[in-house]
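Just so you know, these numbers use all the heavy atoms, side chains as well, and skip hydrogens, waters and symmetry mates. One is the number of the first residue; the rest follow in order along the sequence.
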Amino acid sequence: QVLLSESGGGLVQSGESLRLSCAASGTIISIDHMAWYRQAPGKERELVAIITSDDTTNYVNSVKGRFTISRDNAENTVYLQMNSLKPEDTAVYYCNANIRQRAWMSSTNFWGQGTQVTVSS
């Protein structure tokens, strides 16, 4: 059993910062990609940032230069540093990861429970 546990969401004003964390726990042999998605009310879920096992990163254009994704492999944790937040960043943010649980298994995709980020103007 694998659990992705998120933290760090909250309410901030425009221009302020938040740091999201997502820790994977349970039976884990290795983790491939880790990513952050977000979903605003009435909108489709979108990929915000992704980091691969070799630390290659990519971002949706709207957050480039403001958000930074990173990972700590020893802690099985991915972070999203969000600076210069805007009201349009308001959404539920979800952690996503591909995790190999057993040597004889292929990796399985997991989702976190989501954490609310609200940015007021």
Side-chain angles (χ1 to χ4, degrees):
Q1 298 171 332
V2 169
L3 177 67
L4 298 182
S5 182
E6 297 160 308
S7 62
L11 173 64
V12 297
Q13 292 184 304
S14 295
E16 296 182 343
S17 298
L18 283 173
R19 179 177 164 93
L20 305 183
S21 300
C22 173
S25 61
T27 302
I28 299 170
I29 290 180
S30 62
I31 301 177
D32 191 6
H33 83 262
M34 303 189 83
W36 288 96
Y37 288 74
R38 67 186 180 187
Q39 188 166 22
K43 305 296 183 181
E44 293 187 359
R45 189 171 299 185
E46 69 170 347
L47 177 64
V48 178
I50 187 167
I51 183 166
T52 67
S53 58
D54 63 357
D55 287 341
T56 299
T57 61
N58 201 8
Y59 303 87
V60 67
N61 285 337
S62 60
V63 309
K64 287 181 178 177
R66 299 188 298 120
F67 290 11
T68 302
I69 188 170
S70 61
R71 64 192 289 169
D72 184 339
N73 292 331
E75 298 291 336
N76 291 326
T77 299
V78 63
Y79 304 94
L80 186 67
Q81 178 67 45
M82 303 185 294
N83 297 328
S84 301
L85 282 162
K86 304 174 180 180
E88 50 262 45
D89 296 317
T90 296
V92 177
Y93 283 70
Y94 297 91
C95 179
N96 177 270
N98 268 13
I99 299 173
R100 188 183 184 190
Q101 298 175 268
R102 305 287 188 185
W104 58 90
M105 292 174 59
S106 60
S107 62
T108 301
N109 189 251
F110 293 90
W111 288 94
Q113 80 285 354
T115 184
Q116 177 70 48
V117 172
T118 302
V119 185
S120 66
S121 59

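- The shortest distance between side-chain heavy atoms of Glu16 and Leu85 does not fall below 4.5 Å.
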message = Show, in sequence, the C-alpha distance, side-chain angles and deciding distance for Arg38 and Val117, and conclude whether the side-chain contact (heavy atoms from CB on, under 4.5 Å) test is met.
response = CA-CA 9 Å; Arg38 67 186 180 187; Val117 172; over 6 Å; no
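- With rounding to the nearest 0.5 Å, the separation of OG in Ser107 from NE2 in His33 is 8.5 Å.
- Here the closest heavy-atom approach between residue Ser70 and residue Val78 is recorded as O-CG2, 3.2 Å.
- With Arg71 contributing its side chain and Thr52 its backbone, the two residues share a donor-acceptor pair below 3.5 Å.
- Cluster membership for Leu11 and Leu18, using ILVMFWY side-chain heavy atoms within less than 4.5 angstrom, is not shared.
- Between the side chain of Thr90 and the backbone N or O of Val119, at least one donor-acceptor pair lies under 3.5 Å.
- For the pair Asn96 and Asn109, the minimum side-chain heavy-atom distance is below 4.5 Å.
- Atom SG of Cys22 and atom CE of Met34 lie 5.0 Å apart (nearest 0.5 Å).
- Here OG of Ser25 is found 12.0 Å from CD of Glu75. Values are rounded to the nearest 0.5 Å.
- For Ser14 (side chain) and Lys86 (main-chain N/O), no donor-acceptor pair under 3.5 Å exists by modelled atom type.
- Looking at heavy atoms from C-beta onward, Ile51 lies in side-chain contact with Thr57 at the 4.5 angstrom threshold.
- No side-chain donor-acceptor contact under 3.5 Å links Arg100 to the backbone of Ile29.
- In this structure the side chain of Asn76 never reaches within 4.5 angstrom of the side chain of Ile99, judged on heavy atoms.
- Note on Phe67: it clusters hydrophobically with Val60, by side-chain heavy-atom contacts below 4.5 Å among ILVMFWY residues.
- Shown here for Gln116 and Ala91, the closest heavy-atom pair between the two residues is NE2-O, 3.5 Å.
- Counting heavy atoms from C-beta on, the side chains of Trp111 and Cys95 never come closer than 4.5 Å.
- By the rule that hydrophobic residues join a cluster once side-chain heavy atoms approach within less than 4.5 Å of another member, Val2 and Ile31 end up as members of one cluster.
- Cluster annotation: Tyr37 and Val92 are assigned to the same hydrophobic cluster (Ile/Leu/Val/Met/Phe/Trp/Tyr, side-chain heavy-atom contacts under 4.5 Å, transitive).
- Phe110 and Met105 sit in two unconnected hydrophobic clusters of ILVMFWY residues. Membership requires side-chain heavy atoms under 4.5 Å apart, directly or through other members.
- If you run side-chain contact (heavy atoms from CB on, under 4.5 Å) between Trp36 and each of Ile69, Ile50, Leu47, only Ile69 comes through.
- Atom-to-atom distance recorded for Glu44:CD and Gln39:CD is 8.5 Å, nearest 0.5 angstrom.
- In this structure, CG in Asp72 is found 5.0 Å from OH in Tyr79, a value given to the nearest 0.5 Å.
- Between the Glu6 side chain and the Gln113 main chain, a donor and an acceptor come within less than 3.5 Å of each other.
- Contact of the Tyr59 side chain with the Thr68 side chain is registered, since non-hydrogen atoms from C-beta on lie closer than 4.5 Å.
- Side-chain contact check for Arg66 versus Asp89: some heavy-atom pair is nearer than 4.5 Å.
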